[in-house]
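Sequence lines set the chain letters: A, B, ... in the order given, protein chains first and strands last, and positions in each chain run from 1. Atom set for the values below is all heavy atoms of this structure, side chains included, hydrogens, waters and symmetry mates excluded. In this text the structure is predicted, and so the values were computed from the model without any measurement.
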2 protein chains.
Amino acid sequence: MARDENRSRSATDRVGTICRALRRAIIEQALEPGAKLPEDALGERFGVSRTIARHALGQLAAEGLVELRRNRIAVVATPSWQEARDTFDIRIELERLVVRQLAGRLSKAQIAQLHAHVDAEDEARNGPDAISIRLATEFHILLASMTESPILIRYVSEIAYRCCLTLSLFSRPHSSECAINEHRLLIDALANGDADTVMSLMHHHLDSVASRALVAQSKPRGRDIMDILAPYADLPRPMQAASRDAAPAGSKAGAGKAAG
Amino acid sequence: MARDENRSRSATDRVGTICRALRRAIIEQALEPGAKLPEDALGERFGVSRTIARHALGQLAAEGLVELRRNRIAVVATPSWQEARDTFDIRIELERLVVRQLAGRLSKAQIAQLHAHVDAEDEARNGPDAISIRLATEFHILLASMTESPILIRYVSEIAYRCCLTLSLFSRPHSSECAINEHRLLIDALANGDADTVMSLMHHHLDSVASRALVAQSKPRGRDIMDILAPYADLPRPMQAASRDAAPAGSKAGAGKAAG
DNA sequence: GGCATCACGTTTGCATGCACTTTTGCCATG
DNA sequence: CATGGCAAAAGTGCATGCAAACGTGATGCC
């Protein structure tokens with residue numbers, strides 16, 4: 001209910017503020033994957049002490065947007081290709097659930113709101129890539145928020161942000177073209193009300209977004225030094241050089257840090 | 001290699017320790033929903049300062065196991081019936097994904113491990129309910145962990161714990177009977193390798209667990225006082241009214257302080 | 001007696017300080 | 001000249017202290 005909204009919105013929710021700011025900076029690629037996030041700097045920037053900054057980083061780490069290594073500076077997360085693939089797989093299921101719950105149950109106002117958002121996407125299409133990606137992501141979050149299921153909203157948001165991060169890592173300059181159209185189709189199908197149709201539409205949409213982005217395991221730019229250099233490291237000799245930069249996927253893989 | 005693997009497991013990962021302890025205490029109902037978790041107390045109990053305890057609470061709040069209200073003592077989360085239902089819906093999708101990835105790909109050792117776990121469940125069947133519930137939950141987490149997808153593992157674990165919490169809230173004494181059998185069926189189907197079969201099996205399994213637990217919106221025991229009393233509050237004056245402003249349902253916010 | 005007010009103890013919110021770890025630049029040494 | 005090691009610098013890990021907010025019981029007023 002509304003009773004505990006005021007505490008986290010209007011009240012001095014400083015860690016939430018920092019989280020939102022960082023989230024946005026990350027998904028807009030103002031902060032690239034691997035970028036360092038020292039507590040001091042954040043604290044100073046946002047006018048708070050390290051305690052708060054640290055807490056915010058903890059939150060973001062729990063969401064998978066930043067990586068926290070002990071005694072080391074926090075960095076923006078750099079999902080591996082495999083993680084990216086897994087993330088999209090999860091996302092597909094989650095969002096199928098979203099549209100299943102939504103199909104045929106949206107009010108006219110909600111449909112209008114969705115259309116308005118896509119309009120905004122359209123406008124931003126020629127702007128910077130980061131903005132289009134963010135808007136596309138927020139479309140899905142908007143959709144999720146219409147389920148009014150806090151848990152679903154949270155998971156979809158989280159996953160969507162992670163996918164967004166992934167996209168910024170792997171995707172080529174322009175892949176959001178057709179996605180906008182697919183968003184419109186989605187809205188129409190939702191209004192129309194056939195759950196199966198809209199589920200399959202969503203599935204296809206996300207699948208193709210993932211495919212467009214994750215084709216051929218392109219090089220993860222900005223990734224950790226060790227990983228970037230991995231393919232170069234085991235060249236037997238400097239001579240017969242690098243035709244094979246197809247990058248062995250999970251060399252340092254597993255990549256340790258799971259839940260926790 | 002292995003350069004930073006030791007850090008977070010064996011090293012002084014105190015907040016992780018506290019998280020694990022609390023998680024377990026919560027899902028075993030040692031800490032019932034609504035139970036207070038003062039930072040001081042936790043800190044003292046685990047031999048750390050409030051800083052650490054606070055951080056752990058933050059983590060658990062991010063996982064949805066505890067509720068954090070500003071300037072108030074943290075409490076174990078008490079999911080509403082609707083949230084519970086939503087949680088299970090999400091869980092079904094996620095775990096379908098798990099078994100889809102796993103079907104026909106498990107090693108003999110893994111199958112043995114799964115069977116061993118179910119054996120443990122079997123043994124605990126006559127023990128305290130909380131233990132059976134925990135083991136049943138951990139079966140699913142074990143399954144998820146076999147996907148070796150960190151993200152999927154994390155989400156399934158989180159969701160499963162939340163469901164576990166829900167179960168402890170809503171479920172009647174003994175509903176885990178048949179679940180154990182269903183676990184065995186699941187393993188067999190996984191070994192057999194037909195993805196569709198095992199997915200539908202998992203779906204049915206979770207669905208029936210949810211149904212057994214969430215039938216008829218049974219009273220949420222241990223829930224917030226205001227909610228527990230809600231149905232009693234609008235009884236039309238049993239004999240002779242104390243006052244006319246008999247606590248409307250959502251009045252908890254203003255009740256305490258405002259009056260204006 | 002009922003109700004509003006107030007004051008005190010409790011608990012969180014947050015900043016700061018210190019110890020410890022990692023990193024980096026520098027120097028001695030082979 | 002290359003290499004190993006040391007020491008200063010930077011940054012995190014964590015405890016503690018203080019202020020503000022909340023909860024509660026006591027007090028005074030009607």
Side-chain angles (χ1 to χ4, degrees), chain A residues 3-4 6-19 22 34-61 66-76 224-226 257 260, chain B residues 2-19 22 34-61 66-76 224-226 240-247 251-260:
Chain A
R3 62 186 145 81
D4 54 16
N6 45 357
R7 60 112 176 90
S8 86
R9 286 287 170 271
S10 60
T12 92
D13 179 21
R14 314 204 248 179
V15 8
T17 304
I18 298 183
C19 277
L22 287 182
K36 293 199 236 195
L37 303 168
E39 299 174 358
D40 286 332
L42 293 179
E44 188 177 355
R45 191 71 196 78
F46 289 95
V48 297
S49 85
R50 280 182 38 224
T51 309
I52 308 298
R54 184 183 186 75
H55 222 82
L57 287 174
Q59 281 294 119
L60 261 14
V66 318
E67 277 171 27
L68 240 37
R69 285 120 81 222
R70 188 174 180 83
N71 281 321
R72 281 199 196 47
I73 304 182
V75 295
V76 176
D224 206 32
I225 296 287
M226 298 304 283
K257 149 155 265 195
Chain B
R3 53 190 153 80
D4 54 24
E5 296 314 83
N6 45 357
R7 49 98 186 103
S8 104
R9 283 291 166 267
S10 57
T12 89
D13 179 22
R14 313 204 251 181
V15 10
T17 304
I18 298 183
C19 278
L22 286 182
K36 292 199 234 192
L37 303 168
E39 298 174 359
D40 283 331
L42 292 179
E44 188 178 356
R45 191 71 196 80
F46 289 97
V48 297
S49 85
R50 286 198 308 122
T51 308
I52 307 297
R54 185 183 185 73
H55 222 83
L57 287 175
Q59 282 292 120
L60 292 173
V66 319
E67 276 171 28
L68 240 40
R69 284 120 81 222
R70 188 175 180 82
N71 282 322
R72 285 206 191 42
I73 304 182
V75 296
V76 176
D224 206 30
I225 297 286
M226 297 307 281
Q240 168 260 11
S243 72
R244 38 183 314 139
D245 101 80
S251 70
K252 48 177 66 170
K257 84 172 277 185

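Remark on DNA chain D: of its neighbouring residues A:R54 and B:R50, the 5'-side contact belongs to A:R54, judged by nearest-heavy-atom nucleotide. A residue-by-residue look at A:V48 and A:N71 shows that A:V48 has its nearest nucleotide of DNA chain C further toward the 5' end.
No donor-acceptor pair closer than 3.5 Å links the side chain of A:R54 to the backbone N or O of A:I52.
If you take NZ of A:K36 and C1' of D:dA10, they are 10 Å apart, rounded to a whole angstrom. One atom, CG of A:L37, and another, C1' of D:dA10, lie 16 Å apart when rounded to the nearest Å. Across the protein-nucleic acid pair, A:D40 atom CG and D:dG13 atom P stand 12 Å apart, rounded to whole Å. Look at CD1 on B:I18: it is 15 Å from P on D:dG13, rounded to the nearest Å. Rounding to whole angstrom units, CZ of residue B:R72 and C1' of D:dA21 are separated by 9 Å. Between the CD atom of B:E44 and the C1' atom of D:dC14 there is a distance of 17 Å, rounded to whole Å.
When all heavy atoms of B:A53 and B:L42 are compared, the closest pair comes out as CB-CB, 3.8 Å. Scanning both residues, A:C19 and A:A56, for their nearest heavy atoms gives SG-O, 3.7 Å.
A distance of 6.5 Å separates CG of A:L57 from CG of A:L22, quoted to the nearest 0.5 Å. We find the CG-CG distance between A:D40 and A:L37 to be 12.5 Å, quoted to the nearest 0.5 Å.
Taking the side chain as every heavy atom from C-beta outward, A:R69 and A:V75 approach each other to under 4.5 Å.
With a cutoff of under 4.0 Å to any heavy atom of chain B, the contacted region of DNA chain C is bounded 5' to 3' by C:dT11 to C:dC14.
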